[in-house]
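Each chain gets a letter, A, B and so on, in the order the sequences are listed, and its residues count up from 1.
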Amino acid sequence: AQKVTQAQTEISVVEKEDVTLDCVYETRDTTYYLFWYKQPPSGELVFLIRRNSFDEQNEISGRYSWNFQKSTSSFNFTITASQVVDSAVYFCALSRGGGNKLTFGTGTQLKVEL
Amino acid sequence: ETGVTQSPTHLIKTRGQQVTLRCSSQSGHNTVSWYQQALGQGPQFIFQYYREEENGRGNFPPRFSGLQFPNYSSELNVNALELDDSALYLCASSPAPGLADYNEQFFGPGTRLTVL
């Protein structure tokens, strides 16, 4: 069975602070994919990144960066210099290699205040 | 490129009623998945349709059923509504199974269903 744990229910930061959202996953598959999605108040899930289990390179995209560590089964997401527009619920998700049914974590509510 | 659209946006039903939710997939995508997101939770996979047939199902009872049409749009039907069915229902589309981007799913804005 697959499982995704996002232990941080809610995080509040002041604008321009850096913030890291944690994600720990469980799977017996050797090939799998990890994802991060953003869900603003409007409700639509916005795709941020996909990572496959064979690619442990960290990735940076603008103010966003992701740290994938198979040894600790973690796929953490860092926002640098946070902005009010980053306020949303962020979900980490997992799918099997060759499949696309997503198993989501419970999400982390990020509040960025002025 | 047209994104994933869903209708209606909001819906209020009473216990025991039946509901149909609709989804149009993103242009070029022929696989549609449905998810249920209860308040404060992550989305839960209901089922997926590909080539007008169910292609995988999550842990949901048979009163949750679906259809996919030749134009790849899809419907989610829920019979005998229960209070716990109140949730945001999300539709996601993706390319066909086996393609490199199969597991990149793009979500619609959702339908918020309230069961009274």
By a 4.5 Å heavy-atom criterion (distance strictly below it), what part of Gln6(B) contacts chain A: side chain, backbone, both, or neither?
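Nothing of Gln6(B), per the 4.5 Å heavy-atom cut-off to chain A.
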
Checklist line | For chain A, which residues of residues 41-49 of chain B have heavy atoms nearer than 4.5 angstrom | finding: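 Interface residues of residues 41-49 of chain B: Gln41(B), Gly42(B), Pro43(B), Phe45(B), Gln48(B).
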
Check your understanding: For chain A, which residues from residues 53-90 of chain B have at least one heavy atom closer than 4.5 Å to it?
Key ->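 Contacts with chain A: Leu88(B), Leu90(B).
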
Report which part of Ser95(A) has an atom under 4.5 Å of a heavy atom belonging to chain B: side chain, backbone, both, or neither.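 Interface part for Ser95(A): side chain.
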
Quiz prompt | Part of Gln6(A) within contact of chain B (heavy atom distance under 4.5 Å) | solution =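 Neither; nothing under 4.5 Å.
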
Quick check: does any side chain N or O of [X] sit under 3.5 Å from a backbone N or O of [Y], one acting as donor and the other as acceptor?
X        : Y         : result
Ser93(B) : Thr31(B)  : no
Asp18(A) : Ser82(A)  : no
Thr14(B) : Leu116(B) : no
Glu26(A) : Ala1(A)   : no
Gln8(A)  : Thr20(A)  : yes

Taking the six-membered ring for Trp, are Phe75(A) and Phe68(A) parallel (under 30°), tilted (30 to 60°) or perpendicular (over 60°)?
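Rings of Phe75(A) and Phe68(A): perpendicular, over 60°.
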
Is any side-chain heavy atom of Val84(A) less than 4.5 Å from a side-chain heavy atom of Leu114(A)?
->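 When only atoms from C-beta onward are counted, Leu114(A) and Val84(A) do touch, with a gap below 4.5 Å.
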
Could you list all the disulfide (SG to SG under 2.5 Å) pairs where at least one residue sits in residues 45-114 of chain A, not counting sequence neighbours?
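Residue pairs passing disulfide (SG to SG under 2.5 Å), neighbours aside: Cys23(A)-Cys92(A).
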
Q.
Using the side chain to side chain contact (heavy atoms under 4.5 Å, CB included) criterion, which residues pair with Gln83(A)? Sequence neighbours excluded.
A.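 With neighbours one apart ignored, the set is Glu15(A), Arg63(A), Val85(A), Asp86(A).
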
What residue in Pro109(B), Gly108(B), Gly110(B) has the most heavy-atom pairs under 4.5 Å with chain A?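 That would be Pro109(B).
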
Exercise. Would Ser61(A) and Glu59(A) count as having a side-chain donor-acceptor pair, cut-off 3.5 Å?
Worked result: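 Per modelled atom types, Ser61(A) and Glu59(A) side chains form no pair under 3.5 Å.
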
- request: For residues Ser53(A) and Thr30(A), report the shortest heavy-atom separation together with the two atoms involved.
  value: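 Answer, listing the atom of Ser53(A) first, then Thr30(A): OG-O, 3.1 Å.
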
